[in-house]
Amino acid sequence: MIKENIVNFKKSIPKHVTLVAVSKTKPISDLQEAYNAGQRVFGENKVQEMIEKYDALPKDIQWHMIGHLQSNKVKYMAHFVDLIHGVDSFKTLQEINKQALKNNRIIKCLLQAEIANEETKFGLPFDEIYGILFSEELTKLKNISIVGLMGMATFTEDKQQISTEFASLKKLFEELKNTHPSFKILSMGMSGDYEIAIENGSTMIRVGSAIFGQRNYIL
Ligand SMILES: *Cc1c(COP(=O)(O)O)cnc(C)c1O
């Protein structure tokens with residue numbers, strides 16, 4: 001099934017949209033099956049779990065950290081992480097920069113924007129995103145590259161609301177592209193709403209259950 005799902009996704013999404021296969025909680029064998037079907041970009045939300053999978057799987061995989069990140073965990077993945085999606089504080093950027101420098105790398109990051117009207121979701125209000133991107137201090141962080149934005153829509157059946165939220169993020173992204181040429185990636189859309197996200201200009205979708213099946217957290 002996983003193989004068919006990967007093949008079908010690749011066929012159905014536009015060429016400019018990158019598929020991140022969200023493999024959190026899933027066993028190595030599932031990731032290997034996706035890999036064998038040609039998938040090379042995987043998303044995890046726990047650093048420890050990502051490290052174990054990184055160690056076990058082929059080294060041409062690009063690992064994306066998509067979960068909320070604690071600063072003290074950055075050092076464990078700084079040598080291999082390809083893109084960090086959920087950055088929502090300047091402090092975290094400083095820590096990523098510090099660990100990237102130690103590893104002699106530049107680590108790509110996305111700022112997570114608050115677009116849902118749900119308290120449970122992380123993310124920066126738009127004015128704070130401007131604050132970070134135009135701050136003097138940011139110019140000192142030479143070992144990070146902010147390459148775009150990430151957002152999660154409200155968990156709702158209301159497609160119009162989801163669409164409005166994604167559209168607001170796309171608008172912010174387009175504005176910031178004018179001043180920040182490094183902006184290339186707009187990460188929005190999951191299993192339940194990726195089609196709406198693509199309609200609204202997503203360039204990267206993060207899909208878990210629609211590829212790997214439901215997650216079982218009660219193991
Ligand atoms: C789990 C997760 C996803 C994937 O969710 P699905 O609904 O299974 O596709 C995408 N983005 C983030 C940030 C996640 O934590």
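In what follows, every heavy atom counts, from backbone to side chain, and hydrogens, waters and symmetry copies are set aside. Atoms within each ligand, like the ligands themselves, are counted from 1 in listed order. Just so it is clear, the structure is predicted and the values come from calculations on it, not from any experiment.
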*Asks:* Mind telling me whether Phe9 and Tyr194 have parallel, tilted or perpendicular rings, with 30° and 60° as the class edges?
*Replies:*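 Aromatic pair Tyr194/Phe9 classed tilted.
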*Asks:* Check each atom of ligand 1 against the heavy atoms of Arg206 and keep those under 4.0 Å away; list them by number with element.
*Replies:*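 With Arg206 as reference, the close atoms of ligand 1 come out as 4 (C), 9 (O), 10 (C), 11 (N), 12 (C), 13 (C).
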*Asks:* Out of Arg215, Lys24, Gln112, indicate the one that has the non-hydrogen atom closest to atom 2 (C) of ligand 1.
*Replies:*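 Looking at heavy atoms only, Lys24 sits closest to atom 2 (C) of ligand 1.
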*Asks:* For Gly208, take its heavy atoms, then give the atoms of ligand 1 lying under 4.0 Å from any of them.
*Replies:*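 Near Gly208, meaning under 4.0 Å from one of its heavy atoms, ligand 1 has 4 (C), 6 (P), 8 (O), 9 (O).
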*Asks:* Check this for me, if you would: do Lys171 and Glu175 make a salt bridge, where the nitrogen-to-carboxylate-oxygen distance has to be below 4.0 angstrom?
*Replies:*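 Yes, charged N to carboxylate O under 4.0 Å.
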*Asks:* What I want to know is whether Met190 and ligand 1 share at least one N or O pair that is separated by under 3.5 angstrom.
*Replies:*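 Checking ligand 1 against Met190, no N or O pair falls under 3.5 Å apart.
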*Asks:* Assess whether atom NZ of Lys75 is packed by more than 12 heavy atoms of other residues, nucleotides or ligands within 6.0 Å.
*Replies:*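 Result for NZ/Lys75: enclosed.
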*Asks:* If the plane angle is over 60° it's perpendicular, under 30° parallel, otherwise tilted; pick one for His85 and His64.
*Replies:*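 Correct class here is tilted.
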*Asks:* Report the member of Asp193, Thr25, Ile66, Val207 with the shortest heavy-atom distance to atom 13 (C) of ligand 1.
*Replies:*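 Going through Asp193, Thr25, Ile66, Val207 one by one, Ile66 has the nearest heavy atom to atom 13 (C) of ligand 1.
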*Asks:* With a 6.0 Å cut-off (strictly less than), is the heavy-atom count around NZ of Lys59, excluding the residue itself, greater than 12?
*Replies:*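 Check passes, neighbour count above 12.
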*Asks:* I'd like to check which ligand 1 atoms, numbered from 1 as shown, lie under 4.0 Å from a non-hydrogen atom of Ser191.
*Replies:*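 Reading through ligand 1 atom by atom, the close ones are 6 (P), 7 (O), 8 (O), 9 (O).
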*Asks:* Which ligand 1 atoms does Ser209 reach within 4.0 Å, using its non-hydrogen atoms?
*Replies:*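 Heavy-atom distances to Ser209 below 4.0 Å select 6 (P), 7 (O), 8 (O), 9 (O).
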*Asks:* If you define the side chain from C-beta out and look only at heavy atoms, does anything of Lys3 sit under 4.5 Å from Asn36?
*Replies:*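 Of all side-chain heavy-atom pairs linking Asn36 with Lys3, none is under 4.5 Å.
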